[in-house]
Amino acid sequence: MKLVRTTAATVTVAAGMMAGVLAAAPPAYAATYGGECGSGYGVVNSDAIGSKGTVFLTFNSGTRKNCVVAKRNAVGSAVLIEAGLAIHPVGTHWPAYDGGYYTSYAGPVYLSAAGKCVDWMGRISGTQGGKRGTNCG
């Protein structure tokens, strides 16, 4: 009888641990950066756009430019996708901006911000991701 209780407790603990792992894992279909900004750009920051996609901030050390792309988790029918990039703090508009009805991603948008912090965002059908005052330098 003790063996059955131990096994049941072990199964309960293992199931609880698996539930925690599954809850913390990102969706299997999460957007990945695919070089949309061009040669020499590497991802330096990213943020989820709710469950709809990811916004990527990239940097090219050769040109010293930042680039932003807002990308859906999966290609589908055209929806409003926006990408924005500005020197911190952003005012009433995004100086580097792309928005429209796209099937996959908005951007790339570029900005030189040497020695400055940047604000960057991505928006898909009204859900926004991004950060303010990051990646200074």
Side-chain angles (χ1 to χ4, degrees):
M1 192 70 161
K2 186 175 181 179
L3 180 61
V4 172
R5 286 186 190 144
T6 302
T7 303
T10 303
V11 169
T12 302
V13 169
M17 290 172 60
M18 284 302 294
V21 169
L22 293 176
Y29 52 85
T32 57
Y33 178 71
E36 290 84 2
C37 289
S39 178
Y41 283 88
V43 175
V44 293
N45 214 329
S46 65
D47 194 38
I49 305 173
S51 62
K52 299 176 181 179
T54 303
V55 56
F56 298 97
L57 174 66
T58 67
F59 181 73
N60 183 315
S61 59
T63 63
R64 311 274 309 147
K65 287 187 177 183
N66 293 291
C67 174
V68 168
V69 175
K71 195 168 179 183
R72 291 174 72 180
N73 285 335
V75 175
S77 59
V79 296
L80 181 59
I81 308 175
E82 300 167 89
L85 179 59
I87 293 173
H88 179 75
V90 66
T92 58
H93 75 287
W94 294 91
Y97 173 85
D98 178 42
Y101 286 82
Y102 301 117
T103 59
S104 181
Y105 66 90
V109 294
Y110 302 92
L111 184 71
S112 294
K116 310 272 194 229
C117 301
V118 293
D119 296 347
W120 48 282
M121 72 90 180
R123 194 166 27 232
I124 301 173
S125 300
T127 302
Q128 184 168 314
K131 298 181 182 174
R132 306 288 185 265
T134 68
N135 300 83
C136 307

Q.
Applying side chain to side chain contact (heavy atoms under 4.5 Å, CB included) to W120 and N66, what does each step give before you reach the verdict?
A. CA-CA 10 Å; W120 48 282; N66 293 291; over 6 Å; no
Q.
For K65, I'd like to know if atom NZ has over 12 heavy atoms of other residues, nucleotides or ligands within 6.0 Å.
A. no
**Q.** Centroid-centroid distance, F56 to Y105, less than 6.0 Å
**A.** no
Q. Going hydrophobic residue to hydrophobic residue with side-chain gaps under 4.5 angstrom, can you get from F59 over to V118?
A. yes
Q) So which heavy atom on N73 is nearest to which on A31, and how close? A) OD1-N, 2.9 Å
Q | Worked check of side chain to side chain contact (heavy atoms under 4.5 Å, CB included) between S104 and Y102 | A | CA-CA 6 Å; S104 181; Y102 301 117; over 6 Å; no
Q) If we only count heavy atoms from C-beta on, is the Q128 to E82 side-chain gap below 4.5 Å? A) no
**Q.** Distance (rounded to the nearest 0.5 Å) between R72 CZ and T54 OG1
**A.** 13.0 Å
Q) Between S125 and V79, which heavy-atom pair has the shortest distance, and what is it? A) OG-CB, 3.5 Å
(Q) I need the R132 CZ to H88 NE2 distance, nearest 0.5 Å. (A) 9.5 Å
Q: Report the distance from atom OH of Y97 to atom CG of L111, rounding to the nearest 0.5 Å.
A: 16.0 Å
Q | Y41 OH to T63 OG1 distance, which is reported to the nearest 0.5 Å | A | 3.5 Å
Q) Do T134 and V44 have side-chain heavy atoms sitting under 4.5 Å apart? A) no
**Q.** Hphob cluster co-occupancy, V55 + I124, side-chain heavy atoms under 4.5 angstrom
**A.** yes
Q) Under a 4.5 Å side-chain heavy-atom rule over Ile, Leu, Val, Met, Phe, Trp and Tyr, are I81 and I49 clustered together? A) yes
Q) Nearest heavy-atom pair of A83 and V68: which atoms, and what distance? A) CB-CG1, 4.0 Å
Q) Taking all atoms of both residues into account, what is the closest heavy-atom pair of K52 and T127, and its distance? A) NZ-OG1, 2.9 Å
Q: Check whether more than 12 heavy atoms from other residues, nucleotides or ligands sit under 6.0 Å from atom NZ of K131, and answer yes or no.
A: yes
Q) Out of curiosity, Y33 OH to T58 OG1, how far, rounded to the nearest 0.5 Å? A) 4.5 Å
Q.
To check you understand the geometry: which heavy-atom pair defines the closest contact between A86 and P95, and what is its length?
A. CB-CD, 3.5 Å
Q.
I want to check something: taking the side chain as every heavy atom from C-beta on, are C67 and N60 in contact at a cut-off of under 4.5 Å?
A. no
Q | Spatial distance of atom CG (L85) from atom CH2 (W94) [nearest 0.5 Å] | A | 7.5 Å
